[in-house]
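Chain letters run A, B, ... following the sequence lines, proteins first, then strands; residues in each count from 1. The figures here come from the full heavy-atom set of this structure, side chains too, leaving out hydrogens, waters and symmetry mates.
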4 protein chains.
Amino acid sequence: MLQEKRKEITRTKILNAAKKVFAQKGFSNTSIADIVKKSRLARGTFYLHFQSVEQVLNALLQEVFMEIQRNLTELQVESLDQKHFKIGLSALAKSLLNVFQERKEIVGILLTTMNSDTKIRMQTIWFQEFLQASIRVMFDRGIASGRLRKFDSELMSYLVSGGLREVLGQWILYGRYKDSIEQKVDEVIGIYMNGVELNA
Amino acid sequence: MLQEKRKEITRTKILNAAKKVFAQKGFSNTSIADIVKKSRLARGTFYLHFQSVEQVLNALLQEVFMEIQRNLTELQVESLDQKHFKIGLSALAKSLLNVFQERKEIVGILLTTMNSDTKIRMQTIWFQEFLQASIRVMFDRGIASGRLRKFDSELMSYLVSGGLREVLGQWILYGRYKDSIEQKVDEVIGIYMNGVELNA
Amino acid sequence: MLQEKRKEITRTKILNAAKKVFAQKGFSNTSIADIVKKSRLARGTFYLHFQSVEQVLNALLQEVFMEIQRNLTELQVESLDQKHFKIGLSALAKSLLNVFQERKEIVGILLTTMNSDTKIRMQTIWFQEFLQASIRVMFDRGIASGRLRKFDSELMSYLVSGGLREVLGQWILYGRYKDSIEQKVDEVIGIYMNGVELNA
Amino acid sequence: MLQEKRKEITRTKILNAAKKVFAQKGFSNTSIADIVKKSRLARGTFYLHFQSVEQVLNALLQEVFMEIQRNLTELQVESLDQKHFKIGLSALAKSLLNVFQERKEIVGILLTTMNSDTKIRMQTIWFQEFLQASIRVMFDRGIASGRLRKFDSELMSYLVSGGLREVLGQWILYGRYKDSIEQKVDEVIGIYMNGVELNA
DNA sequence: CATGAATGAGGATTCATTCAT
DNA sequence: AATGAATGAATCCTCATTCAT
């Protein structure tokens with residue numbers, strides 16, 4: 001019992017150290033040695049908990065993935081079938097922003113890791129596809145319910161996921177919209193819903 | 001004279017070898033040794049032409065950057081101030097698609113490298129910002145000319161650049177829309193211009 | 001505890017191996033690879049203990065430096081202020097000879113390294129200056145006490161340190177005076193004290 | 001004829017470049033590449049004139065060796081058998097100082113190279129022994145002529161050559177006695193001739 | 001004679017991994 | 001469970017040397 005707790009503590013030390021190092025040097029430039037040094041544990045200890053740097057990254061990402069996934073499904077169910085579609089969307093977005101806010105560091109790592117490293121691609125691709133599928137389902141429901149016009153919802157899911165990723169990156173990685181990010185949510189929704197062209 | 005030609009050939013051999021290796025293993029997992037092996041040149045020869053893997057990547061990226069930049073400015077000037085705004089946009093997009101088509105390999109590398117490796121970030125960020133600025137200028141002109149409604153053109157430039165990047169990735173990296181990519185152009189323009197909501 | 005002992009043993013193995021290689025090939029021609037090979041340890045092990053060949057040499061030299069320094073100060077204090085100045089000097093010299101005798105190998109390395117390699121110069125210069133200063137102080141005391149005539153004691157310290165270094169080199173490096181080195185001590189003192197000219 | 005002159009010029013360029021690099025980085029740290037770069041010649045050209053860095057050093061040293069040797073023999077013959085022994089010695093020393101003065105750079109290289117690098121030792125040892133033999137012969141003549149008391153002239157030659165080398169080093173390498181070196185000559189002779197002890 | 005591109009051996013350094021304590 | 005010394009493969013990089021022009 002005591003030993004298990006101890007083990008858990010050590011594991012957490014490794015994860016925290018890794019989080020810092022990843023954020024600093026980027027995933028692909030961090031070695032096991034780096035993590036070990038930052039964690040102030042012994043080299044051998046690392047291997048009692050993980051077998052590679054990738055595994056550590058995975059462990060970190062899983063955390064966020066699950067959190068996001070939980071929020072997403074929960075909120076979708078709750079809000080999107082309501083009459084006030086846009087309001088629901090807005091609520092969903094803001095809820096996700098909270099998750100990102102709280103996990104800034106890992107989200108940053110995720111953003112710089114997605115699509116890049118082949119070793120890790122499988123994990124992130126799975127997540128990306130999950131996101132895109134979620135978005136697409138939303139749109140399909142919108143179309144089915146007659147609220148949205150007919151359009152290629154798959155294509156749209158790419159546009160939206162990519163667009164949001166970029167905005168997220170600007171916020172998390174480059175500090176843009178520092179305190180005003182929430183205010184942008186409705187503007188984004190407006191753009192995707194009604195476009196930017198003036199009605200003739 | 002002959003010697004210079006020989007040097008140029010060797011340089012190209014390195015670049016081609018690197019292109020293949022990058023595409024296969026990803027930038028951050030390729031060592032100088034990998035490139036040398038693929039190029040079938042001597043280890044020392046590499047250093048006569050480049051000093052690091054990053055420099056090789058840069059050389060490859062510069063090529064595409066310049067090509068894109070050339071197309072972008074040229075076409076913007078030609079077409080965007082005309083009456084037929086959407087038609088101009090469509091032409092621009094299709095012209096860029098050609099560039100991407102012809103440089104599939106490098107564009108793929110660019111897509112998986114952007115935002116990821118800190119060593120290379122400077123190059124790609126510069127390019128990304130150039131793209132976003134170009135997009136933004138387009139929208140600002142649209143607003144000024146009264147064709148577009150007033151909106152946050154900076155935010156929009158992130159949404160569009162990210163969205164297009166994602167679509168591009170789906171096409172180049174995962175083979176989606178293999179032969180139908182051109183047909184999607186107008187649909188994308190439609191979405192950004194008029195949104196997806198049904199006019200009540 | 002045991003592990004620390006093991007580490008110490010390994011370190012000593014490296015030092016001993018280095019000592020042999022330095023003696024054989026000279027400092028500036030020995031590579032880390034050479035030392036590793038001679039020590040029969042793994043390449044990586046070297047870096048757990050030292051970071052460069054210079055550091056190894058330093059470790060070796062420090063040993064002798066300290067030993068000499070200890071002898072020098074101890075003996076100076078004990079003997080040089082006595083009435084029998086020359087006898088004291090003679091004792092000091094013979095005591096140093098013992099140190100050199102016991103550390104022949106390292107002293108040899110020191111002799112061939114002093115003044116030569118810029119990378120190592122700082123260490124040896126420091127030592128050389130310490131020696132010269134010690135010698136000079138001796139002479140200054142001799143002058144002050146009226147036992148010696150007035151002369152440029154700094155210049156003299158160069159003459160003596162250089163002269164003794166050369167004799168030492170002849171002994172250690174080229175095997176001259178193999179067993180008769182002690183007998184030369186008094187002759188050297190005689191020369192420096194009274195010169196070689198016949199009193200007219 | 002023209003080609004020979006051209007060849008000679010190139011050779012000199014190499015020697016001059018080498019002189020500078022040796023002085024800056026020390027002999028054992030300079031590579032052929034270094035010399036080639038400094039000389040602004042092509043890599044291959046080097047091999048038309050020399051086959052190794054050692055050969056270049058030798059060529060440089062030979063120059064000084066011969067100059068010194070010439071001065072030494074010439075002056076010995078002229079002056080040392082005269083009545084005024086010390087005056088002759090003084091003249092000899094000052095003449096050598098001129099040689100050193102004019103070849104400061106190479107003499108500096110010689111001083112930091114002597115005894116150190118095994119690759120070059122043969123050359124410098126030969127020279128050192130020549131010097132010591134010259135000195136010894138002088139003393140032997142002095143003894144034979146009754147001007148000097150009987151002493152171990154070999155030992156003395158080591159003391160003197162080493163002492164002078166050290167003073168020379170202080171002058172050339174560390175800039176001591178910058179303009180007063182000539183004035184020290186007679187003081188040195190005085191020390192070796194009459195010692196430093198006060199006559200009781 | 002001079003050039004400089006290409007070579008590949010060899011040395012420096014890092015890294016993941018093992019294992020005795 | 002935790003430690004950290006040791007390992008050797010893999011990488012990076014430099015250097016002397018060759019050779020076609």
Side-chain angles (χ1 to χ4, degrees), chain A residues 2-11 13-14 30-36 39-53, chain B residues 1-11 13-14 30-37 39-49 51-53, chain C residues 1-11 13-14 29-37 39-53, chain D residues 2-11 13-14 30-36 39-53:
Chain A
L2 202 87
Q3 229 177 46
E4 277 199 24
K5 188 151 279 178
R6 192 184 173 198
K7 191 171 183 181
E8 188 53 31
I9 290 173
T10 305
R11 191 187 138 94
K13 276 185 191 166
I14 296 176
T30 98
S31 63
I32 291 180
D34 289 327
I35 298 174
V36 161
S39 73
R40 299 174 155 280
L41 295 166
R43 300 179 75 72
T45 308
F46 181 91
Y47 289 91
L48 297 177
H49 297 268
F50 301 96
Q51 278 171 48
S52 66
V53 203
Chain B
M1 202 63 343
L2 204 91
Q3 209 167 163
E4 276 196 26
K5 191 151 281 177
R6 193 186 173 195
K7 191 172 184 180
E8 188 54 32
I9 290 173
T10 304
R11 192 187 137 96
K13 276 186 192 166
I14 295 176
T30 98
S31 62
I32 291 180
D34 289 328
I35 298 174
V36 161
K37 201 179 290 170
S39 73
R40 299 176 152 279
L41 294 164
R43 306 183 70 73
T45 306
F46 180 91
Y47 291 92
L48 293 178
H49 296 268
Q51 279 170 44
S52 64
V53 206
Chain C
M1 200 65 345
L2 204 90
Q3 210 167 163
E4 276 197 25
K5 191 150 279 175
R6 194 186 173 197
K7 191 172 186 181
E8 189 54 31
I9 290 173
T10 304
R11 192 186 137 96
K13 274 186 193 165
I14 295 175
N29 300 312
T30 99
S31 61
I32 291 180
D34 289 328
I35 298 174
V36 161
K37 201 179 290 171
S39 73
R40 297 175 152 281
L41 294 164
R43 304 182 71 72
T45 306
F46 180 91
Y47 291 91
L48 294 179
H49 297 269
F50 301 96
Q51 278 171 46
S52 65
V53 206
Chain D
L2 201 88
Q3 229 177 49
E4 277 201 22
K5 188 152 278 175
R6 191 184 173 197
K7 190 171 183 181
E8 188 53 32
I9 289 173
T10 305
R11 191 186 138 96
K13 276 186 191 165
I14 295 175
T30 98
S31 63
I32 291 180
D34 290 327
I35 298 173
V36 162
S39 73
R40 300 174 153 277
L41 294 165
R43 300 179 75 73
T45 308
F46 181 91
Y47 289 92
L48 296 176
H49 296 269
F50 302 96
Q51 281 170 46
S52 65
V53 203

Rounded off to whole Å, could you give me the [atom1]-to-[atom2] distance for the [X] and [N] pair?
X: A:R40; N: F:dA2; atom1: CZ; atom2: C1'; value: 16 Å
X: A:F46; N: E:dC15; atom1: CZ; atom2: P; value: 13 Å
X: C:R11; N: F:dG4; atom1: CZ; atom2: C1'; value: 17 Å
X: B:K13; N: E:dT7; atom1: NZ; atom2: P; value: 7 Å

- What's the spacing between B:F46 CZ and B:S52 OG if we round to 0.5 Å? 6.5 Å
Could you check whether [X] gets within reach of a base, just the sugar-phosphate, or nothing at all, counting any heavy atom under 4.0 Å?
X: C:E8; value: nothing
X: A:T10; value: sugar-phosphate
X: A:L48; value: base
X: A:Y47; value: base

- Note on the structure: Of all heavy-atom pairs linking A:S39 and A:K13, the shortest is CB-O, 4.1 Å
- Grab the two heavy atoms, one from A:L48 and one from A:K7, that are nearest each other, plus how far apart they are. O-CE, 4.4 Å
- Query: Does A:Y47 reach the side chain of A:I32, with side-chain heavy atoms less than 4.5 Å apart?
  - Reply: yes
- Message: Suppose we define a pair by two distances each less than 3.5 Å, Watson-Crick or G-U wobble; what does F:dG8 pair with here?
- Response: E:dC15
- Answer for the Watson-Crick or wobble partner of F:dA1, both distances under 3.5 Å, is none
- Message: With hydrogens left out and only the distance checked, is there a donor-acceptor pair under 3.5 Å joining A:R43's side chain and the base of F:dT3?
- Response: no
- Check: C:R6 side chain, E:dA20 base, donor-acceptor under 3.5 Å: no
- Phosphate contact (F:dA1 OP1 or OP2) by A:H49 side-chain N/O below 4.0 Å: no
- Note on the structure: Quick note, B:T45 side chain, CB onward, closest among E:dA16, E:dA12, E:dT7 is E:dT7
- Can you tell which of E:dT3, E:dT7, F:dT7 lies closest to the side chain of D:A42? E:dT3
